[in-house]
Amino acid sequence: MKHKFAAAALALSLALSCAAGCSDTKKSTPKSGGTAVSGSGGSAQGNQGSVSDSMELMRQKYADVPDIDGGPFIKISDTTVSAGEIAEVTVSVRGAQQKWNMCGIHITYPDVLECQLRNEEDLVPKYKVGDACELNMGFEARDWRRNLHDELIKKHLRSVFFATIFKENDGLDGDIATFYFKVPDNAQPGAVYKLGYYYMESDMFRNFENDMSFEKFAFEHLTEGSITVK
C-alpha cells in the first residue's frame, strides 16, 4: 500500500509539472510565472544579473514563509568537453542528508544542445540516478522541448524536468541524477553553455513534514552550472 501511495504521489508530481510545462498543449506562460535562470555559476538568490521577472514571482510565493539559517543547496555541475562530444550534467544536493522526501525540478539548457533521449516518443531523457536517491521509491524525467513557455522561447532555452520521492526523509546528500547533452559539432573552443533552472508552481523540494521554509531555502539557493568547450 505504501509503495502504491509513493508511486501515485510521484506520478501526480510529474503530471502537475508536465500539465504546466511538458505537455503538447498550447504554448502559454502560467499566471504564476516561471523562472528562467540562465546559469552563470552563481546562485538563484545572489546572481541578480540572471534573475527574470518570473523569479520575482517565485520569491513572492515564499515571501510570507519564514527564513531558516541553513538548508539544502542544489547545484548543477560545471563540465568541460570537446565540440561534438556528450557532456554529463549532474544535479547534486548537500545540506539535506536524510532530510528530504521528494523533489520536482526543471533545469534549463540552451536549445543548441541536444538532450540525449532513451525514449524519443515520450521524450524520456537518458539519465543515471545518483547516490542521493539510492533509497527512492520512484524516479521520472522528461525533456521539455515542445510547446515551450514564451520566456523559454525568448531565451532560446529548453528544459529537463525530473521528480523523485521517498518513503520518508530518506533523501541523501550527493548526486541526484546525471543527464547527457551533445555539444554542437561546430562549437568554438572556449564557448560556454549555461545551465540553470525554470521554476514552476508545481516544482518542489520538500521534507516529510512539508516544511515550506525548507523548500524556500532550497529554491533561493539554487546554484547554476555550465558546459565549456575545450
Side-chain angles (χ1 to χ4, degrees), residues 6 9-10 13 16-17 32-52 54-79 89-108 128-139 141 159-179 194-226:
L10 176 64
S13 171
L16 286 172
S17 286
S32 60
T35 171
V37 184
S38 54
S40 61
S43 70
Q45 184 178 43
N47 186 8
Q48 296 296 327
S50 68
V51 174
S52 65
S54 51
M55 171 62 86
E56 293 304 323
L57 294 178
M58 183 275 283
R59 290 178 175 175
Q60 290 173 21
K61 174 183 175 180
Y62 297 107
D64 296 328
V65 176
D67 293 327
I68 54 178
D69 293 333
F73 291 89
I74 302 168
K75 175 174 172 47
I76 304 173
S77 62
D78 297 298
T79 187
V89 172
T90 298
V91 183
S92 61
V93 62
R94 62 179 176 86
Q97 179 76 5
Q98 292 187 301
K99 294 180 180 178
W100 61 288
N101 171 253
M102 66 174 69
C103 75
I105 298 174
H106 290 79
I107 62 173
T108 60
K128 179 175 65 176
V129 177
D131 52 359
C133 296
E134 65 176 308
L135 300 177
N136 80 81
M137 300 186 71
F139 189 101
S159 177
V160 169
F161 170 76
F162 63 89
T164 189
I165 191 168
F166 303 85
K167 181 179 178 181
E168 295 181 349
N169 286 332
D170 293 327
L172 308 176
D173 282 350
D175 294 344
I176 296 175
T178 298
F179 301 94
K194 298 176 180 180
L195 309 168
Y197 302 89
Y198 188 81
Y199 179 83
M200 298 185 68
E201 188 73 24
S202 53
D203 284 6
M204 63 182 71
F205 194 88
R206 296 183 184 170
N207 53 23
F208 194 73
E209 296 76 23
N210 200 29
D211 179 359
M212 296 308 292
S213 292
F214 179 87
E215 180 170 282
K216 176 183 180 180
F217 188 97
F219 282 116
E220 288 191 344
H221 293 82
L222 299 170
T223 303
E224 305 150 344
S226 64

**Request:** May I ask you to test the Lys75-Arg94 pair for a side-chain heavy-atom distance under 4.5 Å?
**Result:** no

**Sub-4.5 Å side-chain heavy-atom contact between Val91 and Ile105** = no

**Message:** Given 3.5 Å as the limit, does a donor-acceptor pair link the side chain of Gln98 with the main chain of Leu172, or not?
**Reply:** no

**Rounded distance [0.5 Å steps], NZ in Lys194 versus CD in Glu224** = 8.5 Å

**Item:** Point-to-point distance, once rounded to the nearest 0.5 Å, from CD of Gln97 to CG of Asp170
**Value:** 10.5 Å

**Message:** Donor-acceptor check, side chain of Asn169 to backbone of Phe208, threshold 3.5 angstrom: yes or no?
**Reply:** yes

**Prompt:** Going from CG on Leu135 to NZ on Lys167, what distance comes out if it is rounded to the nearest 0.5 angstrom?
**Reply:** 11.0 Å

**Heavy-atom closest pair, residues His106 and Phe161** = CE1-CD1, 3.3 Å

**Request:** State whether the side chain of Ser92 and the backbone N or O of Gly174 hold a donor-acceptor pair below 3.5 Å, judged by distance alone.
**Result:** no

**Prompt:** Counting only N and O atoms by type, is there a donor-acceptor contact under 3.5 Å from the side chain of Asn136 to the main-chain atoms of Gly138?
**Reply:** yes

**Prompt:** If you take all heavy atoms of Met137 and Phe166, which pair is closest and at what distance?
**Reply:** SD-C, 4.0 Å

**Message:** Once you measure the plane-to-plane angle for Tyr199 and Tyr62, does it fall in the parallel (<30°), tilted (30-60°) or perpendicular (>60°) bin?
**Reply:** perpendicular

**Asked** Taking side chain as C-beta onward, heavy atoms only, is Ile74 less than 4.5 Å from Tyr197?
**Response** yes

**Request:** Kindly indicate whether the side chain of Trp100, heavy atoms from C-beta on, has any atom under 4.5 Å from the side chain of Thr164.
**Result:** yes

**Asked** How are the rings of Phe217 and Phe73 set to each other: parallel, tilted or perpendicular (split at 30° and 60°)?
**Response** perpendicular

**Nearest atoms (heavy-atom pairs only) where Cys103 meets Phe205** = CB-CD1, 3.4 Å

**Test item: Ser213 side-chain N/O and Pro66 main-chain N/O as donor-acceptor pair under 3.5 Å** = yes

**Distance, nearest 0.5 Å, that separates CD1 of Ile107 from OH of Tyr198** = 15.0 Å

**Message:** Return the CZ to CE distance between Arg206 and Met102, rounded to the nearest 0.5 Å.
**Reply:** 7.0 Å

**Fill in**
Nearest heavy-atom approach of Val89 to Ile76 is CG1-CG2, 3.6 Å

**Message:** If we ignore hydrogens and angles and just use 3.5 Å, is the side chain of Asp173 paired with the main-chain N or O of Gly95 as donor and acceptor?
**Reply:** yes

**Asked** Roughly how far apart are Asn207 CG and Glu215 CD, rounded to 0.5 Å?
**Response** 9.0 Å

**Complete:** Only residue of Asp67, Asp211, Asp64 satisfying salt bridge (charged side-chain N to carboxylate O under 4.0 Å, His left out) with Lys216 is Asp67

**Request:** Check the pair Asp175 / Lys128 against side-chain contact (heavy atoms from CB on, under 4.5 Å), numbers first and verdict last.
**Result:** CA-CA 10 Å; Asp175 294 344; Lys128 179 175 65 176; over 6 Å; no

**Heavy-atom pair of closest approach, residues Leu195 and Ser226** = CD1-N, 3.8 Å

